[in-house]
Amino acid sequence: MPADLAETLAAIAAEGLSATERGQVASYIPELAKVSPAHFGIAVITADGTEHVAGDADLPFSIQSVSKVFALVEALDSHGDAVWARVGREPSGSAFNSIVQLEAEGGRPRNPFINAGAIAVTDLIAAAHEDRAGSGAILRRVRALAGDDSINVDGAVAYSEAATGFRNAGLANFMKGFGVITGPVASTLDVYFHQCAIAMSCRQLARAGRFLAHAGRCPSSGKQIVSPERARRINALMLTCGHYDASGEFAFQVGLPAKSGVGGGILAVAPGKASIAVWSPGLSPQGNSLLGTRALEQLSRAMGWNVFQP
Ligand code: GLN
């Protein structure tokens, strides 16, 4: 018998706000290091459109790598299956910013959710637009999905990452050397840093992810965003690659497609049932929200939401 959702969320948020072990806030992007680890928010939108929220669910945070899902949607829309010539569909088992597999594998990143893969996807979007307008295309996509034009890029975060993003510059230059990046490296990175710096609340993120829970169709706008097949495949990638070298553990503990970001956000999908966003800035050693992951474990168990169980 599934638990009551409102009660479950209230209990999860109470625990998330008061926990003493909260993980480490990302510090390699100086602007993110300023965020208090005390935050915790969660938003769940069920199939009937009811929005259940608790904690800091309406406070915007840096979505970081959760943006890789929206950039993938944008690139698949504009380039179709040509995306898969640039990037694979296998879990990497490596850290999100790792370069080790790239040399052995001809510069083709394992999947679109590690940094190298996301930069390759962003390069396709950047190439389809004048100058650096590709980040505008990703932002418009996110706004349309969330039904909210107030969503914006946090310029200070984008600048902070651009000033310190040496590893991403390394990945991009390396891929450029293999011909996997075709545009100017500086503009591709600029678009990538801006997409990562999009700021959203849990409520906005859960709204933007609803189409993934409902076979590619956003129930609130009635629009078919992607085909059911594409939605299923994006979910498959989120399940297998969405948490980098902790993706197997996340599938084991939570059993839902989900994508994390170093801002501490996670977007998770319970197909047919709910779109879920959780935020707590403290991270595990693999760069995934510590309390966010714990909250999703509790929620999926309490509600019986798990793609591996009927
Ligand atoms: N912008 C971050 C980076 O490229 C995103 C990483 C993440 O969220 N895991 O390092």
Side-chain angles (χ1 to χ4, degrees), residues 23-35 60-72 87 91-100 102 109-123 125-126 134-135 138-139 142 153-175 181 185-200 205 237-238 240-247 249-250 258-268 277-290 292-293:
Q24 294 295 317
V25 174
S27 57
Y28 74 99
I29 299 174
E31 201 60 27
L32 291 185
K34 297 180 184 167
V35 179
F61 59 90
S62 192
I63 66 168
Q64 292 297 317
S65 286
V66 184
S67 70
K68 293 169 179 172
V69 175
F70 305 122
L72 179 62
V87 65
S92 70
S94 301
F96 65 88
N97 53 5
S98 174
I99 200 168
V100 289
L102 271 185
R110 281 278 176 103
N111 68 68
F113 294 153
I114 49 175
N115 284 12
I119 293 168
V121 167
T122 298
D123 181 63
I125 300 169
S135 61
I138 300 169
L139 180 61
V142 168
V153 170
D154 183 330
V157 173
Y159 178 81
S160 178
E161 188 170 2
T164 56
F166 304 110
R167 292 185 70 151
N168 284 324
L171 293 170
N173 280 295
F174 203 69
M175 288 188 286
I181 297 278
V185 166
S187 9
T188 295
L189 283 173
D190 187 74
V191 176
Y192 174 74
F193 293 143
H194 278 80
Q195 83 182 43
C196 289
I198 292 173
M200 293 170 84
L205 197 53
L237 287 166
M238 288 169 72
T240 53
C241 312
H243 281 71
Y244 321 110
D245 45 340
S247 298
E249 185 64 18
F250 189 88
K259 182 73 205 83
S260 69
V262 290
I266 305 174
L267 171 64
V278 61
W279 171 50
S280 177
L283 307 178
S284 70
Q286 290 93 350
N288 304 307
S289 175
L290 192 75
T293 305

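Counting convention: from 1, in listed order, for ligands and their atoms alike.
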Ligand-residue contact atoms, ligand 1 with [X], heavy atoms, under 4.0 Å:
| X | value |
| --- | --- |
| Gly261 | 8 (O) |
| Asn115 | 3 (C), 4 (O), 6 (C), 10 (O) |
| Cys196 | 1 (N) |

Non-hydrogen atom of Asn97 closer than 4.0 Å to ligand 1 = no
Would you say Phe193 contacts ligand 1, with heavy atoms under 4.0 Å as the rule?
->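 Judged by the 4.0 Å heavy-atom criterion, Phe193 does not count as contacting ligand 1.
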Identify, for [atom], the protein heavy atom at the shortest distance, and state residue, atom and that distance.
| atom | result |
| --- | --- |
| atom 3 (C) of ligand 1 | Glu161 OE2, 3.0 Å |
| atom 2 (C) of ligand 1 | Gln64 OE1, 3.1 Å |
| atom 10 (O) of ligand 1 | Tyr28 OH, 2.6 Å |

What distance do [X] atom [atom1] and [Y] atom [atom2] have between them, rounded to the nearest 0.5 Å?
| X | Y | atom1 | atom2 | result |
| --- | --- | --- | --- | --- |
| Phe193 | Thr188 | CZ | OG1 | 11.0 Å |
| Asp190 | Glu161 | CG | CD | 11.0 Å |
| Asn115 | Arg167 | CG | CZ | 9.0 Å |

Got more than 12 heavy atoms from elsewhere within 6.0 Å of OH, Tyr159?
-> no
May I ask you to identify, for Asn168, whether its side chain, its backbone, both or neither come under 4.0 Å of ligand 1 on a heavy-atom basis?
-> side chain
Evaluating non-hydrogen atoms only, which member of Ser65, Ala26, Ser67 is closest to atom 6 (C) of ligand 1?
->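 Checking each option, the heavy atom nearest atom 6 (C) of ligand 1 is found in Ser65.
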So, do Leu102 and Pro109 sit near enough that their side-chain heavy atoms are less than 4.5 Å apart?
->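 The answer is yes; the side chains approach within 4.5 Å.
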Please state whether the rings of Trp279 and Phe61 are parallel, tilted or perpendicular, taking 30° and 60° as the class boundaries.
->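 The rings of Trp279 and Phe61 lie parallel, inter-plane angle below 30°.
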When the ring planes of Tyr244 and Phe96 are compared, do they come out parallel, tilted or perpendicular, using 30° and 60° as the limits?
->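 Tilted, since the angle between the ring planes falls between 30° and 60°.
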Could you tell me whether Val262 and ligand 1 have an N or O pair separated by under 3.5 Å?
->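 Yes; at least one N/O pair falls below 3.5 Å.
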Might you point out which heavy atoms bring Ser62 and Val157 nearest each other, and give the distance in Å?
->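 For Ser62 versus Val157, the nearest heavy atoms are OG-CG1, 3.7 Å.
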